[in-house]
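Reading through the structure tokens given below for one structure.
In this text, all values refer to a predicted model and were calculated from it rather than measured experimentally.
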There are 2 protein chains.
Amino acid sequence: MTDLLAQLPGYALRRAANAVMGELAPILAGHDLKIAEAAVLLLVREQANLTSSQIGKTLDIQRANMVPLLNRLESAGLIHREPIDKKSLAINLTKDGEAKICEAGAAIDTFEKNLLARVPAEHRDHLLPALNAIWR
Amino acid sequence: MTDLLAQLPGYALRRAANAVMGELAPILAGHDLKIAEAAVLLLVREQANLTSSQIGKTLDIQRANMVPLLNRLESAGLIHREPIDKKSLAINLTKDGEAKICEAGAAIDTFEKNLLARVPAEHRDHLLPALNAIWR
DNA sequence: TATTGTTATACTCTATAACTATA
DNA sequence: TATAGTTATAGAGTATAACAATA
């Protein structure tokens with residue numbers, strides 16, 4: 001019935017992403033994080049002293065939308081901002097932020113493993129390179 | 001740098017879906033259709049006399065959100081609704097609706113081919129089965 | 001009792017435009 | 001001139017609750 005739609009890569013991509021994000025969101029909510037916030041924390045942990053603009057470019061988040069996101073992370077005591085010059089702010093994790101992304105990161109790793117486990121073995125190793133070829 | 005995030009299948013899935021939908025939307029907008037509307041037309045063309053509820057269940061659209069969507073398609077003269085009983089309405093394409101999804105469908109087919117062409121040959125045939133395994 | 005279609009509403013996510021201060 | 005951070009706002013898209021009428 002829906003086989004026609006499921007044969008469209010674009011449609012399958014949309015449904016798969018919606019399904020996966022719909023499952024990940026409540027897991028991260030258990031850590032009081034949204035998906036975009038977790039992505040920011042993972043990136044900031046990986047690379048120190050990034051600015052808001054740099055984070056936005058890397059994660060495809062508009063500068064304007066970074067403001068409330070970072071404000072919330074800062075209010076929660078997970079990041080702190082330090083002037084680089086009179087124009088830019090370096091963003092880094094606080095101790096609490098490190099602890100938070102450590103525990104949330106473990107939940108994410110488990111989630112990602114379970115996600116890959118759903119894919120039949122013969123297709124599994126092809127998923128990531130195929131997806132990254134589409135957007136990178 | 002972002003390699004850490006790009007190695008998470010969930011993250012790659014999200015970015016790929018966002019990128020692809022961001023490209024498809026303006027193409028369909030050229031046919032005065034939104035992505036969800038095009039999906040409805042494709043489904044309704046494939047299977048006659050579906051109800052709003054059935055379409056919603058198949059495409060993962062809330063019943064409440066089907067109302068404005070179908071109203072717009074009906075106002076545009078692309079679908080018509082006919083009572084099945086005193087409770088349900090059968091939805092089918094009009095002549096204009098058939099013409100619309102024919103031309104939009106051609107654009108979608110071209111888009112999907114170009115999408116697959118981006119995926120390296122050795123991964124290409126694995127994408128669709130991997131994605132469908134995730135959500136179906 | 002469960003389901004259909006519907007209304008109204010709220011919430012999240014994202015996009016745009018404009019402003020200032022600084023590089 | 002271009003960029004960083006910010007504000008305000010608007011638009012999608014989606015989710016929830018409730019209702020009347022019917023299966």
Side-chain angles (χ1 to χ4, degrees), chain A residues 10-11 13-15 17-29 32-40 44 49-75 79-92 135, chain B residues 10-11 13-15 17-29 32-40 44 49-75 79-92 135:
Chain A
Y11 183 78
L13 188 54
R14 181 167 130 112
R15 288 298 297 267
N18 286 347
V20 168
M21 294 306 121
E23 293 165 16
L24 179 57
I27 292 174
L28 291 179
D32 194 27
L33 287 177
K34 297 179 183 181
I35 291 176
E37 292 170 344
V40 168
V44 167
N49 297 315
L50 288 174
T51 66
S52 174
S53 291
Q54 289 171 327
I55 296 170
K57 281 171 191 162
T58 301
L59 300 183
D60 194 29
I61 302 173
Q62 302 290 326
R63 304 158 291 294
N65 296 329
M66 287 297 300
V67 177
L69 193 160
L70 291 180
N71 283 345
R72 204 179 92 84
L73 292 179
E74 189 177 44
S75 297
I79 62 167
H80 66 101
R81 304 187 238 205
E82 195 175 4
I84 294 177
D85 48 35
K86 289 180 182 171
K87 187 180 174 187
S88 300
L89 297 169
I91 293 161
N92 288 287
W135 71 273
Chain B
Y11 183 79
L13 188 55
R14 181 167 130 113
R15 289 298 296 268
N18 286 347
V20 169
M21 293 307 120
E23 294 166 16
L24 179 56
I27 292 174
L28 291 178
D32 195 26
L33 287 176
K34 296 179 183 181
I35 291 175
E37 292 170 344
V40 168
V44 167
N49 298 315
L50 289 175
T51 66
S52 174
S53 291
Q54 289 171 327
I55 296 170
K57 281 173 190 161
T58 301
L59 300 183
D60 193 30
I61 302 174
Q62 302 291 325
R63 302 161 293 293
N65 296 329
M66 287 297 300
V67 177
L69 194 161
L70 291 179
N71 283 346
R72 204 179 92 84
L73 291 179
E74 189 177 43
S75 297
I79 61 166
H80 64 102
R81 306 188 237 205
E82 194 175 4
I84 294 178
D85 50 34
K86 288 178 183 173
K87 188 181 174 187
S88 301
L89 297 169
I91 292 162
N92 288 287
W135 71 273

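If you measure from atom CG of B:L24 to atom P of D:dG13, you get 12 Å, rounded to the nearest angstrom. One interatomic measurement links the two molecules: CD1 of B:I84 to P of D:dA23, which rounds to 11 Å at whole-angstrom precision. At whole-Å resolution of the value, CD1 in A:I55 and P in D:dT6 are 11 Å apart. At whole-Å resolution of the value, CG in A:N71 and C1' in D:dA8 are 14 Å apart. C:dG5 atom C1' lies 10 Å from atom CG of B:L70, rounded to whole Å. In this structure, B:K57 atom NZ and C:dG5 atom P are separated by 9 Å, rounded to whole Å. Counting to the nearest Å, the C1' atom of D:dT14 and the CZ atom of A:R15 are 14 Å from each other. In this structure, A:M66 places its CE atom 18 Å from P of D:dT3, rounding to the nearest Å.
Within 6.0 Å of atom CZ in A:R72, more than 12 heavy atoms from other residues, nucleotides or ligands are found, so the atom counts as buried in its surroundings.
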I'd like a list of close polar pairs between nucleotides 21-23 of chain C and the protein, N/O only, cut-off under 3.5 Å.
{"from": "C:dT22", "atom 1": "O2", "to": "A:K87", "atom 2": "NZ", "distance (Å)": "3.3"}
{"from": "C:dA23", "atom 1": "OP1", "to": "A:K86", "atom 2": "N", "distance (Å)": "3.0"}

Nucleotide N/O of nucleotides 8-14 of chain C paired with protein N/O under 3.5 Å:
{"from": "C:dC13", "atom 1": "OP2", "to": "A:K34", "atom 2": "NZ", "distance (Å)": "3.4"}

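Inter-axis angle, ends of the helix from C:dT1-D:dA23 to C:dA23-D:dT1, five pairs per end, rounded to 10 degrees: 20°.
A:N92 and A:N49 form a side-chain donor-acceptor contact under 3.5 Å, judged by distance and modelled atom types alone. For the residue pair B:R14 / A:N18, no side-chain donor-acceptor distance below 3.5 Å is found, with atom types taken as modelled.
Minimum interatomic distance between A:T51 and A:S88 (heavy atoms only, all atoms of both residues): CG2-CB, 4.1 Å. Of all non-hydrogen atoms in A:I79 and A:L70, the two that sit nearest each other are CD1-O, 3.6 Å.
Two residues are said to be in side-chain contact when any heavy atoms from C-beta on lie closer than 4.5 Å; A:E37 and A:L73 meet this criterion.
In this structure, B:S53 reaches the C:dT4 phosphate: one of its side-chain N or O atoms is under 4.0 Å from OP1 or OP2. Taking 4.0 angstrom as the limit, B:R81 places none of its side-chain polar atoms (N or O) nearer than this to OP1 or OP2 of C:dT4.
A donor-acceptor pair under 3.5 Å is absent between the side-chain atoms of A:E74 and the main chain of A:N71, judged by distance alone. Under a 3.5 Å cut-off, the side chain of A:T58 and the backbone N or O of A:Q54 do form a donor-acceptor pair.
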For B:L89 and B:E82, what are the C-alpha separation, side-chain angles and deciding distance, and is it a side chain to side chain contact (heavy atoms under 4.5 Å, CB included)?
CA-CA 5 Å; B:L89 297 169; B:E82 194 175 4; over 6 Å; no
Mind running side chain to side chain contact (heavy atoms under 4.5 Å, CB included) on A:K34 and A:L28 for me, showing each step along the way?
CA-CA 6 Å; A:K34 297 179 183 181; A:L28 291 179; over 6 Å; no
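None of A:L59, A:L33, A:L50, A:I35 except one satisfies the side chain to side chain contact (heavy atoms under 4.5 Å, CB included) rule with A:V40; the exception is A:L59.
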